[in-house]
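Okay, structure first, notes after.
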4 protein chains.
Amino acid sequence: MQLHLDPSSATPLYAQVVEQVKALVASGGMRVGDQLPSVRDLAVSLRVNRNTAAKAYQMLEAEGVLATRAGHGTFVAAGSSRWSRQERFRRLERLADRLLVEAHHLNIPPAEIASLLERRLHAFEMNRPKSTGKS
Amino acid sequence: MQLHLDPSSATPLYAQVVEQVKALVASGGMRVGDQLPSVRDLAVSLRVNRNTAAKAYQMLEAEGVLATRAGHGTFVAAGSSRWSRQERFRRLERLADRLLVEAHHLNIPPAEIASLLERRLHAFEMNRPKSTGKS
Amino acid sequence: MQLHLDPSSATPLYAQVVEQVKALVASGGMRVGDQLPSVRDLAVSLRVNRNTAAKAYQMLEAEGVLATRAGHGTFVAAGSSRWSRQERFRRLERLADRLLVEAHHLNIPPAEIASLLERRLHAFEMNRPKSTGKS
Amino acid sequence: MQLHLDPSSATPLYAQVVEQVKALVASGGMRVGDQLPSVRDLAVSLRVNRNTAAKAYQMLEAEGVLATRAGHGTFVAAGSSRWSRQERFRRLERLADRLLVEAHHLNIPPAEIASLLERRLHAFEMNRPKSTGKS
DNA sequence: GTGGTCTAGACCACG
DNA sequence: GTGGTCTAGACCACG
């Protein structure tokens, strides 16, 4: 699992780990059932405090992205959102609104937003192994 | 100007103000040249300290969203980002990536992302007054 | 890091700190990666409030001169301006115009401006360590 | 006398007037002995408070740029700097240092500083009427 | 220990 | 009346 932390970012280290693990899972860099390094190993390889690594895993578990099997380690969880369809869309809508607001202030027109999103989506899907048919 | 702060949010109060003012401007709820409430009035209406309200305005001015006219108050600026094209796209790209990652974890397929974005964009533009052509 | 504040100056205390830190970095008195005193220590040594010292560091971080590493302190950043080329030249042009106007009123002819600038530039570069080529 | 004030600038209005009058004199847009509009007329034409216009003239008088002849009005003064040669160079040096520091942080190399200064100097001299020989 | 946020309250410049 | 600066002092997140 290859993560790259930016220690001088305003985003806390644990949150960077959360974001990147979610990105890995979303892009297919990690698949359901894959095992993650132990908290201890992760902390060593990222050169962060062990508490930082542990906090990241806790957050990811809380979100349902990872699951810990006692004594066996931490794995990418199968479960997708426990939230209702309405709640899931509400959350995405909030992010979409922030994107649109930011694009407006960065003076980036709608057409360019669309093409940028398509480009990024494509970049994600390049990394994803072929679907097994189970979505 | 109607803002709603959530004191229990992890987002600092001043940052909530910044976000909401940017959203108002982007959505057409406020237009270039419109005057904002004075720092003192805003502080009273949001029940925050004057310094907190002032900090929000200062951040917005630093971003080029607002402009302060000495002794006269604070206004929506004509804008146009001062950042390099590269920096502007880098910022939007980060938001786009987060949106795509989040959509995956919320189990919302790409086609629905596109339609949601279009819907939100439309909602924004409904509020925006038609251009008069006079700049 | 040796700074000298003039409490009777029209320039705010935090802005004096900003100016002097930028001068230190530009002249090679501080190098990329160097750690600055903590906000608390700086406040004590300058006999200003902690908030004032913090504000100076925040401005410098916003300008890209410093970078903060959560829980570790504040460091000289690798830099490189985020502004557009146009904006960067506009800013320098304003300073150049002020210099030329002032030189006229001080009755200092163009030829002497050039030689003074060269002298000062030389003084700056004397202090700057030779590049190691390693960036 | 054509001045252009930017009400949303951080520079106070009176200081903008001071700067621009000095620039006019330096560039030859106004010459020694030329009469300036009355405080009242200036205030009207710039649409500023009369106190603002008066303060600008006071500052310019204090610097020796303008002189008021009681009952006759305000004129561009002949006198150049009352300061010693050393003091005059010290003042220009301060501006030069600020320019060099800023150029460094804007990532503008020395060669470009020189060419920019030359360009601006040229722009100034274009406006200046031919010397009468008295400098 | 590090920086970030917030309040209460004072003083000041600008216009 | 407007925003800007500064202090004293408290609390919090991060690591």
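Residue numbers begin at 1 in each chain, while the letters A, B, ... track the order of the sequences.
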Discussion item. Check this one for me: any side-chain N or O of B:Thr74 less than 4.0 Å away from OP1 or OP2 of F:dG3?
Written reply: yes
Worksheet item: Would A:Val21 and A:Val17 satisfy side chain to side chain contact (heavy atoms under 4.5 Å, CB included), going step by step from the backbone distance to the final call?
Response: CA-CA 6 Å; A:Val21 169; A:Val17 174; 4.2 Å; yes
Discussion item. Classify B:Val48 by what it touches in the nucleic acid, base, sugar-phosphate, or nothing, heavy-atom distance under 4.0 Å.
Written reply: sugar-phosphate
Fill in: side chain to side chain donor-acceptor pair (under 3.5 Å) partners for B:Ser45, two or more places apart
none
Worksheet item: What residues, two or more places apart in sequence or in another chain, satisfy side chain to side chain donor-acceptor pair (under 3.5 Å) together with C:Arg90?
Response: C:Glu87
Item to complete: To the nearest Å, give me how far apart OH (C:Tyr57) and C1' (E:dT5) are.
Response: 19 Å
Discussion item. Distance check, rounded to the nearest 0.5 Å: C:Gln20 atom CD versus C:Leu46 atom CG?
Written reply: 8.5 Å
Worksheet item: To the nearest angstrom, how far is C:Leu42 atom CG from F:dC6 atom P?
Response: 13 Å
Item to complete: Return the value, rounded to whole Å, for the distance between atom CG of C:Leu5 and atom P of F:dT5.
Response: 15 Å
Worksheet, complete the sentence: From CG of C:Leu66 across to C1' of E:dG3 the rounded distance in Å is 13 Å
Worksheet item: Once you round to the nearest 0.5 Å, how far does CZ of A:Arg88 lie from NE2 of B:His105?
Response: 13.5 Å
Item to complete: Spell out protein contact along nucleotides 9-15 of chain F as letters: B when the base is contacted, S when just the sugar-phosphate is, - when no protein heavy atom is under 4.0 Å; keep the 5' to 3' order.
Response: BBB--SS
Worksheet item: Of all residues at least two apart in sequence or in a different chain, which pass the side chain to side chain donor-acceptor pair (under 3.5 Å) check with D:Lys22?
Response: C:Glu102, D:Glu63
Fill in: Value rounded to 0.5 Å, distance of CG in D:Leu13 from CG in D:Asn51
12.0 Å
Worksheet item: Taking atom C1' of F:dG3 as reference, at what distance in whole Å does atom CG of B:Leu60 sit?
Response: 14 Å
Fill in: Interatomic distance where CZ belongs to C:Arg69 and P belongs to E:dG1 [whole Å]
19 Å
Worksheet entry | C:Gln58 side-chain N/O to E:dG4 phosphate OP1/OP2 under 4.0 Å | yes
Discussion item. Run the side chain to side chain donor-acceptor pair (under 3.5 Å) test against A:Asp6 and tell me which residues pass, sequence neighbours left out.
Written reply: A:Ser8
Discussion item. Measuring only between side-chain heavy atoms, which start at C-beta, is C:Leu42 closer than 4.5 Å to C:Leu36?
Written reply: no
Item to complete: Please work out the stems of DNA chain E from pairs that are Watson-Crick or G-U wobble with both distances under 3.5 Å, keeping only runs of three or more consecutive pairs.
Response: E:1-14 with F:1-14
